[in-house]
Amino acid sequence: MKRAELELALGAVLPELSWPGSSNEELAWAGGFFDGEGSTYLLKHRTHVGYLVPVIEVPQSGWEGAPEVLLRFQRALDGVGPLYGPYVSDSTEAPVSRWKCAARDDLQLVIHPLMPFIGSVKREQARAALRVANTQPDLPRGNPAFGVAGARYCRRGQDRWNVRIGPFKGRGRNVEDPLVHLRQCLQCVRDGARRKKKQRP
């Protein structure tokens, strides 16, 4: 996009691009690109009060899918970090795509290779994000209501992926909670129904 705009302003066609071949040269390019277009910041976790999520991202707008510079940036980092979009934005004419990385392990794989090639401001922001990522305790996986083993197992330890053979259907008591089926172990429902049946006179 920028190249085409420059050619239009100059009224001339620039020489063919010759992409650098070595990984260090590609990382140097990626560092310069990130220095100008990227950002690192902290988000509050949606469900864990006091927990911060480090995020590193690069947005770019373009009319035809993900801009080539974002794809090249992703390739320079060996494919780490997904691309999102394009999305319609009120702040730009063209749709916006984002390369974004928030997983802690992926942050390490992105920030450390870029460190030699980014400026002092972006470097300190990246270091601050790594400090947060590396000093916070690991969050427990899954919903605690399903037991400590995680969301796959119910509180009684049954494998919910294998015992659930149909959607939850309430009988009038849970109609106001459309997500109750996500917390329901059907095997526990069957066991409870059998117990109640045995208790009947």
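Since we're looking at a predicted model, the values are computed, not measured.
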Of all residues at least two apart in sequence or in a different chain, which pass the side-chain hydrogen bond (donor to acceptor under 3.5 Å, both in side chains) check with R98?
E57
Backbone of G81 reached by a side-chain donor or acceptor of Q74 within 3.5 Å:
yes
State, yes or no, whether a side-chain contact exists between L70 and V58 at a heavy-atom distance under 4.5 Å.
yes
Any side-chain heavy atom of R72 within less than 4.5 Å of one from V69?
no
Between W63 and E93, what is the shortest heavy-atom contact and its length?
CH2-O, 3.3 Å
Supply the members, apart from L42, of the Ile/Leu/Val/Met/Phe/Trp/Tyr cluster built from side-chain contacts under 4.5 Å; use none for a lone residue.
L52, V132
Tell me, please, which residues at least two apart from E37 pass salt bridge (charged side-chain N to carboxylate O under 4.0 Å, His left out).
none
Pairwise side-chain contact, V88 with V96, heavy-atom cut-off 4.5 Å (strictly under)
no
Taking only residues two or more places apart in sequence or in another chain, which ones pass side-chain hydrogen bond (donor to acceptor under 3.5 Å, both in side chains) with E7?
none
Non-neighbouring partners of N134 that pass side-chain hydrogen bond (donor to acceptor under 3.5 Å, both in side chains), sequence neighbours left out:
Q108
Not counting sequence neighbours, which residues clear side-chain hydrogen bond (donor to acceptor under 3.5 Å, both in side chains) with R127? List them please.
none
Measuring only between side-chain heavy atoms, which start at C-beta, is D106 closer than 4.5 Å to I56?
no
C101 and its side chain to side chain contact (heavy atoms under 4.5 Å, CB included) partner, picked from L107, T40, I111
L107
Taking atom CD as the centre, does E5 end up with more than 12 heavy-atom neighbours from other residues, nucleotides or ligands that are less than 6.0 angstrom away?
yes
Report the residues that fulfil salt bridge (charged side-chain N to carboxylate O under 4.0 Å, His left out) with R46, sequence neighbours left out, ordered by chain and then residue number.
none
Any chance you could pull the hydrophobic cluster mates of V49, using side-chain heavy atoms under 4.5 angstrom and chaining through other members?
none
All ring-ring contact (aromatic ring centres under 6.0 Å, His included) counterparts of F73, not counting sequence neighbours
F33, W99
Minimum heavy-atom distance between D35 and I118, given as atom pair plus value
OD1-CB, 3.9 Å
Contacts of A102 that satisfy side-chain contact (heavy atoms from CB on, under 4.5 Å) - sequence neighbours left out:
V53, V55
Sequence neighbours excluded, which residues qualify as ring-ring contact (aromatic ring centres under 6.0 Å, His included) partners of Y51?
H45
Would you call Y84 and S97 a side-chain contact if the rule is heavy atoms closer than 4.5 Å?
no
Under the ring-ring contact (aromatic ring centres under 6.0 Å, His included) rule, collect the residues that match up with H112, sequence neighbours excluded.
none
